[in-house]
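Here is the naming used below: chain letters follow the sequence lines, and residue numbers restart at 1 for every chain.
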Number of protein chains: 2
Amino acid sequence: MDQDPFFRTLRAGGHRLTQARMAVIAALRKASAPLSAAEILASCLAAGARIDRATAYRELEFLASSGIALPVRLEGRSLRYEISDRGHHHHAVCLKCENIQEVKADAALEAAETRVAKRVGFTVLRHAFELFGLCKKCR
Amino acid sequence: MDQDPFFRTLRAGGHRLTQARMAVIAALRKASAPLSAAEILASCLAAGARIDRATAYRELEFLASSGIALPVRLEGRSLRYEISDRGHHHHAVCLKCENIQEVKADAALEAAETRVAKRVGFTVLRHAFELFGLCKKCR
DNA sequence: TTGACAGTGCGACTAAGTCGCATTAATCTT
DNA sequence: AAGATTAATGCGACTTAGTCGCACTGTCAA
Ligand SMILES: [Zn+2]
Ligand SMILES: [Zn+2]
Ligand SMILES: [Zn+2]
Ligand SMILES: [Zn+2]
C-alpha cells in the first residue's frame with residue numbers, strides 16, 4: 001500500500017487515505033471498462049465499504065482532479081470513470097451488447113487530430129474520438 | 001413551403017405539418033450552433049409558437065429519426081441538435097467562451113477513423129470526434 | 001492521545017428528460 | 001364544407017443523474 005504510486009501521490013499531496021477513497025480506487029482497478037458513479041458505488045457497497053452516493057460522486061471528482069481517475073464521457077451515456085494508468089486510448093461502443101472496448105491510440109489518427117486543430121486555429125486541451133457500432137461478436 | 005425538401009419528405013412519409021413541427025424546424029434553421037431542447041423550446045416560444053416541453057423533446061426525437069435533425073452529443077453537455085443539411089462535420093468546443101465551432105470533415109482524419117475501426121474489428125455505424133480547448137479569440 | 005480539519009452522511013434540491021392519458025387539430029373523405 | 005380519423009399535443013406526475021449545505025466523524029501529525 002505504501003509502494004502504490006497512487007497512494008504515494010495522495011499522501012504527498014497531503015490527502016488522507018480514507019475507506020471511501022481506497023474503496024473507489026479499488027473499484028476502478030477491478031473494472032474492465034469505464035464505470036458510472038452508480039456502478040462504482042455499487043461495487044464499493046458490494047465490497048463491504050459503506051459509502052454514500054454523494055461521497056462517491058465527490059470522490060470521483062477528486063480523483064479525477066488528482067489525475068488518478070479519468071472521466072470518460074461517451075456520447076449519450078452518463079459520465080464514467082476509468083483508472084488513469086493505462087495510457088492514451090479511445091473507446092468503441094457496441095450498440096447491441098453495450099460493451100465498451102478500448103481502442104489504442106493510433107499515431108496517424110492522433111496526427112490528423114493535431115493537424116485539424118491547427119487548421120481551425122484552436123488550442124486543443126483535450127480531444128474525444130469514439131466509435132459506435134457493432135463489435136466482432138454482435139456483427 | 002411545398003418546395004421545401006424537409007416538408008416534402010414529411011408529407012411523403014404521411015406526417016403532419018403541425019405548428020410545433022414547423023416552429024422547431026425554423027428554430028433549428030435559425031441556429032448558428034447546435035441547440036439544446038431547452039434552447040429550442042425557448043426559441044419557439046419567443047417566435048410566438050405555444051408549445052410544451054414534452055412536445056419539444058418528442059418533436060426533436062422525431063425529426064432526428066426522420067433525418068431532419070441531427071443529435072449532437074458533446075461530452076459533458078446535454079444533448080443538442082442541429083439541422084441535418086450541412087454535410088458531415090465535427091465540433092470544437094471552447095472551454096472559456098463555450099462557443100461551439102464547426103470543424104469540416106478532413107479526408108485524412110476520416111480515413112484514419114476507418115482504418116482504426118477495421119483494426120479493432122468493429123463495424124462503425126457512427127463516430128464522434130471533438131476538440132476541447134480555446135478558440136482563436138480566447139487564446 | 002488528542003486537536004484540527006479533510007472528508008463523510010444525510011437529506012433536500014435541481015436539471016434533464018420520460019411517460020400515460022385525455023384532448024386537440026391536421027389531414028383525409030365524402 | 002362538414003365530419004371522420006388519428007397523429008400530435010398539453011398536462012402533470014415521475015425518473016434519473018447529479019449537486020449542495022451543514023453538522024458530524026475519522027484520519028493523521030504532533
Ligand atoms: Zn457487441
Ligand atoms: Zn487520441
Ligand atoms: Zn472561446
Ligand atoms: Zn467524421
[X] side chain near [N] phosphate (N/O to OP1/OP2, under 4.0 Å):
X	N	value
B/Y57	C/dG17	yes
B/R16	D/dT6	no
B/T18	D/dT9	yes
A/H15	C/dG7	yes

Could I get a table of every N or O pair under 3.5 Å where one atom is in the protein and the other is in nucleotides 11-13 of chain D?
none

With a 4.5 Å heavy-atom cut-off, do [X] and [Y] have their side chains touching?
X	Y	answer
A/I40	A/C44	yes
B/E82	B/H91	yes
B/L70	B/Y81	no

- Task: Ignoring the backbone of A/Q19, work out which of C/dC28, C/dG17, D/dT27 is nearest its side chain.
- Result: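 When the side chain of A/Q19 is considered, D/dT27 is the closest of C/dC28, C/dG17, D/dT27.
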- Check every atom of D/dA8, C/dT8, C/dC28 against the side chain of A/A20 and return the nucleotide holding the closest atom.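 Closest nucleotide among those given: C/dT8.
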What is the distance, rounded to the nearest whole Å, between atom [atom1] of [X] and atom [atom2] of [N]?
X	N	atom1	atom2	value
B/E75	D/dA17	CD	P	18 Å
A/R77	C/dG17	CZ	P	16 Å
B/E59	D/dG10	CD	C1'	14 Å
B/L17	D/dT9	CG	P	11 Å
A/M22	D/dG26	CE	P	14 Å
B/R21	C/dA26	CZ	C1'	10 Å
B/L60	D/dT9	CG	P	11 Å
B/F62	D/dA7	CZ	C1'	10 Å

Is a salt bridge present between [X] and [Y], judged by a nitrogen-to-oxygen distance below 4.0 Å?
X	Y	value
A/D4	A/R29	yes
B/E113	B/K118	no
A/R126	B/E130	no

- Task: Mind listing the residues from residues 23-51 of chain A sitting with a heavy atom below 4.0 Å of DNA chain C? Number order is fine.
- Result: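 Close to the strand are A/R50, A/I51.
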- Query: Which value, rounded to the nearest 0.5 Å, describes the distance between B/F6 atom CZ and B/L28 atom CG?
  - Reply: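 Reported value, rounded in 0.5 Å steps: 9.0 Å.
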- Item | Parallel, tilted or perpendicular, as decided by the 30° and 60° cut-offs, for the rings of A/H90 and A/H127 | tilted
- Message: So that I know where these two stand, are A/H15 and A/F62 an aromatic pair - ring centroids less than 6.0 Å apart?
- Response: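 So the answer is yes for these two rings.
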